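Notes to accompany the following structure.
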Amino acid sequence: MAECIFCRIIAGEIPAEITYQDEVLVAFRDIHPLAPVHLLIVPRRHVESLAETGEEDQAWLGRVQVVAAALARREGIAGSGFRLVVNCGPDAGQEVPHLHYHLIGGRTLGGMV
Ligand code: AMP
């Protein structure tokens, strides 16, 4: 999607600190980090939100968690703990309409909401 900010990051049209990429996923640092480690893990394919996914997406959705755990180890927060968050839709405060998982850690995190 030409006007999607995350699609443009994936295409290299907007700068971002990319920390991981494979054939289906890309991870980069959040521009407004909420903690010492704050990465966004996104599918290369434009998928608007988790609500748009179905059975056919099971493999890469599972891969998100495998990659998140690997990135947490690489960032040194696997032992101290981290949170993997997906905001879906307006009530959850999703700002960017391209499915993304926040990997957050490096400090004690507060309550869930
Ligand atoms: P959400 O509220 O779940 O949609 O989160 C969107 C996230 O994208 C926020 O944490 C923003 O700080 C982050 N964000 C927006 N634009 C950029 C950008 N150009 N590079 C990195 N992160 C971004």
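What you see is a predicted model, and the numbers here were worked out from it, not measured in a lab. Numbering of ligands and ligand atoms starts at 1, following listing order. Worth knowing before you read on, the calculation uses all heavy atoms, side chains too, and leaves out hydrogens, waters and symmetry mates.
In terms of polar-atom proximity, G93 is counted as a contact of ligand 1, with an N or O under 3.5 Å from an N or O of the ligand. At least one N or O atom of H100, backbone or side chain, sits closer than 3.5 Å to an N or O atom of ligand 1. Polar contact check, I31 against ligand 1: a nitrogen or oxygen pair lies under 3.5 Å apart.
Contacts with ligand 1 closer than 4.0 Å are made by no heavy atom of Y101, backbone or side chain. Under 4.0 angstrom from ligand 1, there are no non-hydrogen atoms of V86. Proximity of V85 to ligand 1, defined as any heavy-atom pair under 4.0 Å, is not found for any part of the residue.
Put simply, the side chain of L25 does not reach to within 4.5 Å of the side chain of V42, judged on heavy atoms. Residues R8 and E3 fail the side-chain proximity criterion, which asks for heavy atoms closer than 4.5 Å. Residues V37 and I104 have side chains not in contact (no heavy-atom distance under 4.5 Å, counting atoms from C-beta outward). In this structure the side chain of I41 never reaches within 4.5 angstrom of the side chain of H100, judged on heavy atoms.
Not a single heavy atom of A16 sits under 4.0 Å from any atom of ligand 1. In this structure, I9 has a heavy atom closer than 4.0 Å to ligand 1.
Distances below 4.0 Å separate heavy atoms of N87 from the following atoms of ligand 1: 1 (P), 2 (O), 3 (O). Here is the list of ligand 1 atoms found below 4.0 Å of a heavy atom in H102: 1 (P), 3 (O), 5 (O), 7 (C), 10 (O). Under a 4.0 Å criterion applied to the non-hydrogen atoms of L40, ligand 1 contributes the atoms 8 (O), 13 (C), 22 (N). Atoms of ligand 1 lying under 4.0 Å from any heavy atom of R29, numbered from 1 in the order shown and given with element: 21 (C). Close approach to Q94 involves these atoms of ligand 1, each under 4.0 Å from a residue heavy atom: 4 (O). Here is the list of ligand 1 atoms found below 4.0 Å of a heavy atom in E95: 1 (P), 2 (O), 4 (O).
In this structure, the side chain of Q94 engages the main chain of E48 through a donor-acceptor pair within 3.5 Å. R74 places a side-chain N or O within donor-acceptor distance of the main-chain N or O of T19, the cut-off being under 3.5 Å. The backbone N or O of D30 sits nowhere less than 3.5 Å from a side-chain atom of H102 that would complete a donor-acceptor pair.
Closest to atom 13 (C) of ligand 1 by heavy atom, among D30, L39, V96, is D30.
We find that D57 and R63 are not joined by a salt bridge, their nearest charged nitrogen and carboxylate oxygen being 4.0 Å or further apart. The residues R44 and D22 are annotated as not salt-bridged, no charged nitrogen and carboxylate oxygen being separated by less than 4.0 angstrom.
Among all protein heavy atoms, the one lying closest to atom 8 (O) of ligand 1 is F6 CZ, 3.5 Å.
Rounded to the nearest 0.5 Å, atoms SG (C88) and CG (L99) are 8.0 Å apart.
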